Protein chains: 2
Amino acid sequence: MSADRPEPVRRLPRAQRREQILVAATEAFARSGYAATGLDDIASEACVTRVILYRHFDSKTDLYQAVLDRMCARLDAHVDEPVGGFSDASVDGLLAAAIESPAGFRLLFQHALREPEFKERIEKFRADITAAAFLQIAAVVPDKALARWAAQLAPVVAIEAIIAWLDAGQPEPSRAAARVRQAVMGVIGAAVASEVDCSLPAPARTEDHP
Amino acid sequence: MSADRPEPVRRLPRAQRREQILVAATEAFARSGYAATGLDDIASEACVTRVILYRHFDSKTDLYQAVLDRMCARLDAHVDEPVGGFSDASVDGLLAAAIESPAGFRLLFQHALREPEFKERIEKFRADITAAAFLQIAAVVPDKALARWAAQLAPVVAIEAIIAWLDAGQPEPSRAAARVRQAVMGVIGAAVASEVDCSLPAPARTEDHP
DNA sequence: CCAGTTGTGTACTTGAAAGTCAACATAAGG
DNA sequence: CCTTATGTTGACTTTCAAGTACACAACTGG
């Protein structure tokens, strides 16, 4: 029979294969981070064997760096602010990057940022945003330590808001950016308020509205 | 001479040594998570050798579980709400736990929550809070998906606010809880607002106050 | 003061994951 | 059609961290 060949074994041009591996690696790393992800996990995610990875990347570290660089480049492309401000455009850019590659977004901000070996790559990014946020917040918050707190929290909230938005199924995409900004504003508001003693809404009863 | 003995080699009663190891392990794990932390890192952090760890714990996994359990127990002790609501008391409890053990707090919510192997232990905790938050938010936010977004984000913001507060040097401890609540309220407000198009404060110039 | 119990350290074994090698398969060019 | 360059693979070696065995040291009770 002519069906002797078990699998046609699809072959791809080099650049395309490399891209496929990067995508697969992003997915795999995004699940558990660098250390907990084996090269076999990545290989099976990309539907190739482990050796292929070495044909395109020198080592596991090299591959991870490539994944990170690729995602950082995307971020830079979307949110390229010359003076590095934390403004409306920043949120729009972050959101666009997150839509383009949710796994990459999670990888960067949930895993890579906590891995001492690699954090400095993203730390630069975060530090810039935090510094910019501090300047803006310090203008309205006299207390230095308080301003630092808010400045550190604001970018985190923006990022977590975007991740939560992804998890919630990306509801009303057109207004997402505005809501993220609103959430950040709320956080800044908490720092501005000088004499606050607010309470959260009363714990809702299950039968609260008949 | 009587000073022949190089080091007196201080020995501790079992319970005390175990506690010391747990503290050290919490610190070490909090730096890089489970997979990226070697037993040698923990041992040197505790100023003992790796073998001692096995005298107190069966395996690396067992040790990690013990660390997590210890921290979860602390959380439960501080924020024991029978019906599991996300209220003022919850924030107070979280804050108290974070003060008691910053490293443990970070470990739980920055690392363990992202480790598939162990996340379920904390996931129960987080899911309860998120569910409670959803009930409260759903009462004021008609859109289901939007409410889910806010419900998922609110606890995260509370936690991140506390972590940022730790990083900022724990400014004004007496008002910290109120500010955290305020930040959470701000986030909920972002979900409530039906027609939002707010902007962040204008990017501050570097030479804004001479 | 001596013996038993328990905590501690040095040196070793083991297993899993990273990294390597030589052969096969497939498409393009002479 | 045959050669060649490159994508692909199964099987192998190496390396490092988890886990183990045995010898030593210190406190406790007789």
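Just so we're clear, the structure is a prediction, and the values are computed from it rather than from any experiment. Lettering of chains follows the sequences in order, A, B, ..., and the numbering in each one begins at 1.
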Of the candidate nucleotides D:dA11, D:dA18, D:dA23, which contains the atom at the shortest distance from the side chain of B:R55?
-> D:dA23

Interatomic distance, B:R18 CZ vs C:dT6 P [rounded to whole Å] = 17 Å

Judged by atom type as modelled, is there a donor-acceptor pair below 3.5 Å linking the side chain of B:K60 to the main-chain atoms of B:Y34?
-> yes

Judged by nearest nucleotide, the residue sitting upstream toward the 5' end of DNA chain C, B:R50 or B:C47, is B:C47

A:I42 CD1 - C:dG19 P separation (whole Å) = 11 Å

Does OP1 or OP2 of C:dG9 have a side-chain N or O of B:T49 closer than 4.0 Å?
-> yes

Rounded distance (Å) that lies between atom P of D:dT6 and atom CD of A:Q16 = 17 Å

What is the nucleic acid contact for A:T61, judged by heavy atoms within less than 4.0 Å: base, sugar-phosphate only, or nothing?
-> nothing

Polar side-chain atom of B:R74 near backbone of B:R70 as donor-acceptor pair, under 3.5 Å = no

When you get a sec, tell me which of C:dA18, C:dC12, D:dG7 is the closest nucleotide to the side chain of A:R14?
-> D:dG7

What nucleotide among D:dC12, D:dT9, D:dA18 has an atom nearest to a side-chain atom of A:I52?
-> D:dT9

A:R179 versus A:Q182, side-chain donor and acceptor atoms under 3.5 Å | no

Would you kindly give the NE2-to-P distance between A:H56 and C:dG19, to the nearest whole Å?
-> 16 Å

Please report the C-alpha distance between B:R121 and B:D69 in whole Å, then the side-chain angles of each, then the deciding distance to 0.1 Å, and finally whether the salt bridge (charged side-chain N to carboxylate O under 4.0 Å, His left out) criterion is met.
-> CA-CA 8 Å; B:R121 237 195 191 78; B:D69 282 345; 2.4 Å; yes

Nearest-Å distance, CD1 (B:I21) to P (C:dG7)?
-> 11 Å

Rounded to the nearest angstrom, tell me the gap between atom CZ in B:F57 and atom P in D:dG19.
-> 14 Å

Rounded to the nearest angstrom, tell me the gap between atom CG in A:D40 and atom P in D:dA11.
-> 14 Å

A:F29 and A:Y64 aromatic ring geometry - parallel, tilted or perpendicular at 30°/60° bounds = perpendicular

Would you mind telling me which of C:dT8, D:dT9, C:dC12 lies closest to the side-chain atoms of B:R17?
-> C:dT8

Between C:dA18, D:dG19, C:dT10, which one does the side chain of B:V51 approach most closely?
-> C:dT10

Round to the nearest Å and state the distance from A:L53 atom CG to C:dA17 atom P.
-> 15 Å

Touch check for B:L39, heavy atoms < 4.0 angstrom, all strands: base, sugar-phosphate only, or nothing?
-> sugar-phosphate

